[in-house]
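Just so it is clear, the model here is predicted, and its values are computed rather than measured. So you know, we letter chains A, B, ... as the sequences are listed, proteins then strands, and number each from 1.
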Number of protein chains: 2
Amino acid sequence: MNRRLTPRGRERRRQLMDYAIERFAENGYHPTSVAEIVQGLGVGKGVFYWYFKSKEELFLEILRETQLDLRRAQQQAIEGVDDPVKRIEIGIRTTMRWSSEHAHLNRLVQFAATEERFLPALRKGQDVAIRDAMRHVKEGIERGEIRDTDPDYIAHAILGITAQLARVFLHERGQPWEQVADAAVTLVLDGILATDRSPVG
Amino acid sequence: MNRRLTPRGRERRRQLMDYAIERFAENGYHPTSVAEIVQGLGVGKGVFYWYFKSKEELFLEILRETQLDLRRAQQQAIEGVDDPVKRIEIGIRTTMRWSSEHAHLNRLVQFAATEERFLPALRKGQDVAIRDAMRHVKEGIERGEIRDTDPDYIAHAILGITAQLARVFLHERGQPWEQVADAAVTLVLDGILATDRSPVG
DNA sequence: TCAATTCTTGACCGATTGGTCAAGTGTGTT
DNA sequence: AACACACTTGACCAATCGGTCAAGAATTGA
């Protein structure tokens, strides 16, 4: 669906995506019909199919954009930072902040994981995120700053804690992202056991 | 939908639930129609609505059963264990094992989180899990074995790592649960930083 | 001004959905 | 045998779904 779009066309397309994101996140992908989307914008049904060749393609487009956007935020944030552990920390904080500013998109990513047809696209983006994290982890291991365990496991543990804390404390309980990020960083770096490495706050 | 069921009736009900679990997990909740479920079992449509008053109620029933079953496994496993840290470790290992033996149910729980109508039921079960974990965490803090941070955060971090590693390494990559559990326990307890507390394996 | 192109309309389509129900059959009890 | 009740059938229903398309409106570039 590569159409030549005028500025007006691009704006329409954005409207459709933004409204679809809202409805998909709040009501679910399947329960939200194309009819509902176009009605919500007060336009005819043909408009939808002018910009997207199917409902499924719209969702995939949202998914792509989401993953790209988060990654851009990450890369921009860690630019010029040398220490790999510091890069991991910044990555966690950036994710937390981005996540708090894009609550709807979180839900959509989670849904994508539950339907076979969206899994390939989802994995593609997640693999990128994991590879990014693994790069820092490996470097940290070489420097002796990170425990010498399979970097793959470590990378997933980082993303796991971050995603879970984001979901619960940001989106369910509405806590400020800075606070949640602090907790995530501590738990990722030092685990839950009492220790004298990082004094209790 | 409280019917008096004969043994035959109970068996039918189980068949319906088991087959629905399989199809929901592999094909998605919405894309799996009631017609498909009864066809797969070779029975008429009325059978479905004899045992469940709607498709939604069937799903909620599956969700309840799932959460109950995992919790029972947990409680049985930690029975008689004194040390709270040890109880947490056993909890992680039990979850990992249970998760590897019930891959389908994992998917369903994940889906439930993406649709408003299933969230209340889902939360109820998860709150129980969190409270269980928090009890051990609090006791660990009192004993000075666990860092003095909000037990709520710690409990979620534990579940976050466990869920993420289970999803990726068990279900996507088919690794043995014992191995994944080892990694999860280490990362939960000690974090990712290099340390002399737990020697590198 | 005029033609090309982008954009919009909304009636329409076949397929499918979750759910109902009148009419049965199977089974156990008395 | 006869009755009650658990169970099963499958045609049927209104509603809704994702998607199409001929027709026309609005913009654009020459």
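- The phosphate of D:dC7 has neither OP1 nor OP2 within less than 4.0 Å of any side-chain N or O from B:R13.
- Residue B:K55 has its side chain nearest to C:dG18 when only C:dG18, C:dC7, D:dG18 are considered.
- Regarding B:E36, its CD atom lies at a distance of 17 Å from the C1' atom of C:dG19, rounded to whole Å.
- Residue contacts for B:G9: at a heavy-atom cut-off of 4.0 Å it reaches the sugar-phosphate backbone alone, with no base atom in range.
- Whole-Å rounding puts the B:L41 CG to D:dT9 C1' distance at 15 Å.
- The distance from atom CD of B:E57 to atom P of C:dG19 is 10 Å, rounded to the nearest whole Å.
- Side-chain atoms of A:K45 lie closest to D:dT20 of the nucleotides D:dC17, D:dT20, D:dT8.
- Atoms CG (A:L58) and P (D:dG18) sit 11 Å apart, rounded to a whole Å.
- Checking C:dG18, D:dC17, C:dC7 against the side-chain heavy atoms of A:S33 singles out D:dC17 as nearest.
- Using bins of under 30°, 30° to 60° and over 60° for the plane-to-plane angle, the ring pair B:H102/B:W98 lands in the parallel bin.
- Side-chain atoms of A:R12 do not come within 3.5 Å of backbone N or O of A:V47 as any donor-acceptor pair.
- Between A:W50 and C:dC7 there is a side-chain N or O to OP1 or OP2 distance below 4.0 Å.
- Judged by distance alone, the side chain of A:E57 and the main-chain N or O of A:K53 form a donor-acceptor pair under 3.5 Å.
- Distances shown here put every side-chain N or O of B:Y49 at or beyond 4.0 Å from the OP1 or OP2 atom of C:dC21.
- Using a 30° and 60° split on the angle between ring planes, A:Y29 and A:F59 fall in the perpendicular class, above 60°.
- One finds a side-chain N or O of B:R12 lying less than 4.0 angstrom from the OP1 or OP2 phosphate oxygen of D:dT8.
- B:V43 comes within 4.0 angstrom of the backbone, heavy atoms only, and of no base.
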